[in-house]
Amino acid sequence: MISEKTSIQKLWDFVKNLHPLVYMLILLYLVVPLLSSRFLLLQNQMNITRQVSIYLIVSIGMTYVITSKGIDLSVGSTLAFIACVVAEGLKNGTIPPLVSLFVVIGMGFILGMVVGLVITKLKIPPFIASIGLMVTYRGLTHLYMGGKVIVRLPEPIVFLGQGSLGPIPFPAVISLTIALIGWWIFRFTRFGRYTVAIGSNEAACRVVGGIKVNRYKTLIYAFQGALVGIGALIMIGRLNGTSAVLAEGFEMHVIASVVMGGTSLQGGRSSIFGTILGVYTIGVIENAMVLVGADFHTQRVIIGLLLIFSIAFQGYRERKMGVLEKT
Amino acid sequence: MSEYSAALLEVKNIGKSFGAVRAVRNVSFQLFPGEVVALLGDNGAGKSTLCKLISGAYQKDVGEIFWQGKKVEITSPDVASQIGIAMMYQDLALVDEVDIPGNIFLGRELIKKIFGIVPLLDKHTMRQETEKLLARVKINIPDINRPVIKLSGGQRQATAIARTLHAKDAKLLILDEPMAALGVQEEQKVIQLIKTLKEEGRTILVVSHNLDHVFSVADRIIVLHTGAVAGIVDAHKTSREEIVGLIVGGGKRNDQ
């Protein structure tokens with residue numbers, strides 16, 4: 001009798017503590033099939049995982065940035081810049097496909113590091129610093145491309161974006177691996193620990209812990225940049241080409257996913273699992289909108305509203321849990 | 001404890017300004033091995049600033065600091081902890097979202113290497129060390145793996161003090177308002193803890209607003225008033241009235 005009651009209690013606790021997005025997804029999977037018969041097809045489901053892959057890779061980096069109480073609005077422009085430079089190199093043969101992976105990671109690391117350095121050395125708030133670099137990197141991309149469009153890239157790069165392992169899209173395999181590594185770094189390394197600690201109480205890290213906060217902050221943005229680089233390579237593979245307007249509005253999508261997943265804009269609280277759910281939920285919503293015939297601009301309206309709603313919801317939940325708002 | 005034994009720390013004519021505000025003016029005092037000294041003063045009297053000058057969180061504008069008779073420049077909290085000074089800060093002691101071992105080892109995490117190269121946090125050893133440390137100072141916290149934001153005020157304070165203790169061979173502990181925002185029972189635990197630390201032979205400089213606490217632990221009392229020393233008195237040869245008078249600026253006394 002007694003044990004039965006406690007197991008029901010346990011089950012109730014489990015259900016109560018499930019991530020809110022789990023319920024959101026259950027709701028979507030109940031409702032969307034009524035609107036479109038194609039939604040549940042394996043082909044369509046695999047399409048969703050392919051589409052969300054690049055968002056997921058960058059969102060893992062953004063989870064680190066936001067956990068450290070930062071923000072990076074430059075990720076879309078960074079992605080476009082790397083994509084264009086590398087696509088050009090692949091096209092004219094100066095960058096062999098095998099080397100391109102190192103090029104994108106290296107470029108991303110440096111471009112991200114610049115964001116971190118502008119924030120820590122010039123002492124500009126992350127929001128403003130990354131908006132400035134968002135415009136700068138986008139401008140550089142347009143200067144580099146001069147209105148040109150690149151198409152038809154080498155086979156291995158196209159496979160990276162369009163290939164599959166059995167039924168599972170290759171980008172999904174890469175992105176889930178990166179998510180797993182992201183979770184592991186958070187939990188088991190000094191870098192992960194300091195990301196949380198800096199977001200939670202930067203002054204304590206500096207004074208009590210003697211941590212070189214600026215160096216770690218810069219490293220967090222560089223890490224994010226490296227992931228953006230990987231995303232860029234998969235993106236040009238998937239599209240089999242690129243232009244200077246690639247990934248516009250990408251940053252909003254990524255930030256919305258991370259915040260929906262429960263990583264706190266107040267810093268210090270992160271959830272890689274939540275980020276995966278956030279990315280996937282937005283992917284399902286977008287897919288559903290495409291299936292029912294909503295156009296691109298309607299999709300942007302929905303993403304914008306989702307971003308606002310998820311931040312409002314996060315604030316509500318934190319107040320309800322009695323977590324003091326940090327100043 | 002007496003003027004005849006050598007001072008552990010001596011501060012001479014130290015001063016610090018923030019813009020036009022002279023937070024600490026011409027302060028001199030000595031701390032001797034194994035004594036508990038209370039630092040008193042009204043809000044804005046310069047207590048926290050003075051502590052931070054000694055712990056390296058702030059840099060003095062003028063004056064000298066001697067450690068065991070030798071002149072030292074405490075340019076950072078790192079330098080302070082290397083020579084044996086550890087401070088518990090009132091306002092920025094803990095990292096809320098990190099657990100107790102994580103806070104105690106903040107900035108000096110133990111690392112183990114897997115495959116001889118990949119450095120990882122050695123959580124197991126840090127947990128063990130934390131349990132030992134908490135047991136030694138007789139602090140009982142059931143679950144040390146929770147983020148410290150979930151702990152009670154007393155448990156948080158105990159964690160902050162334990163963190164200070166963990167600093168290697170800290171001879172001087174500076175505790176800024178260790179009893180602030182605590183329940184009565186928890187206050188008593190912290191007082192007991194201070195006594196335990198004194199028995200271990202450590203020197204303790206404790207900032208407090210509560211005269212009952214001060215009289216129950218302190219050997220000597222330093223009173224600051226508008227950034228300057230208003231009095232340095234033997235805690236056993238004074239009265240509450242005299243101390244209150246010094247705090248509000250109604251007198252001067254120096255036993256040193």
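Letters A, B, ... are given to chains in the order of the sequence lines, protein chains preceding strands, and every chain is numbered from 1.
The environment of CZ in B:R25 is crowded: more than 12 heavy-atom neighbours from other residues, nucleotides or ligands sit within 6.0 Å. At most 12 heavy atoms of other shown residues, nucleotides or ligands fall within 6.0 angstrom of atom CZ in A:F309. Within 6.0 Å of atom CG in A:L165, more than 12 heavy atoms from other residues, nucleotides or ligands are found, so the atom counts as buried in its surroundings. In this structure, B:K123 places its NZ atom where more than 12 heavy-atom neighbours from other residues, nucleotides or ligands lie under 6.0 Å away. The 12-atom threshold is exceeded at OH of A:Y23, counting heavy atoms of other residues, nucleotides or ligands nearer than 6.0 Å.
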Step by step, would you call B:V98 with A:V196 a side-chain contact (heavy atoms from CB on, under 4.5 Å)? CA-CA 8 Å; B:V98 172; A:V196 174; 4.0 Å; yes
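The contact between A:Y194 and chain B is made entirely by side chain atoms (from C-beta outward), counting heavy-atom distances below 4.5 Å.
By the 4.5 Å heavy-atom criterion applied to side chains, A:V207 and B:Y58 are not counted as neighbours. In this structure, the side chains of B:L121 and A:F188 stay at 4.5 Å or more apart for every pair of heavy atoms.
Judged by distance alone, with hydrogens and angles left aside, the side-chain atoms of A:S200 form a donor-acceptor pair with the main-chain N or O of B:D96 at under 3.5 Å.
Considering OG of A:S264 and CD of B:E97, their distance stands at 7.5 Å, rounded to 0.5 Å. With values rounded to the nearest 0.5 angstrom, B:E109 atom CD is found 6.0 Å from A:I211 atom CD1.
Minimum heavy-atom separation, B:L106 to A:A197: CD1-CB, 4.1 Å.
With chain B as partner, the option from A:R187, A:R193, A:K212, A:R206 having the largest number of non-hydrogen pairs under 4.5 angstrom is A:R193.
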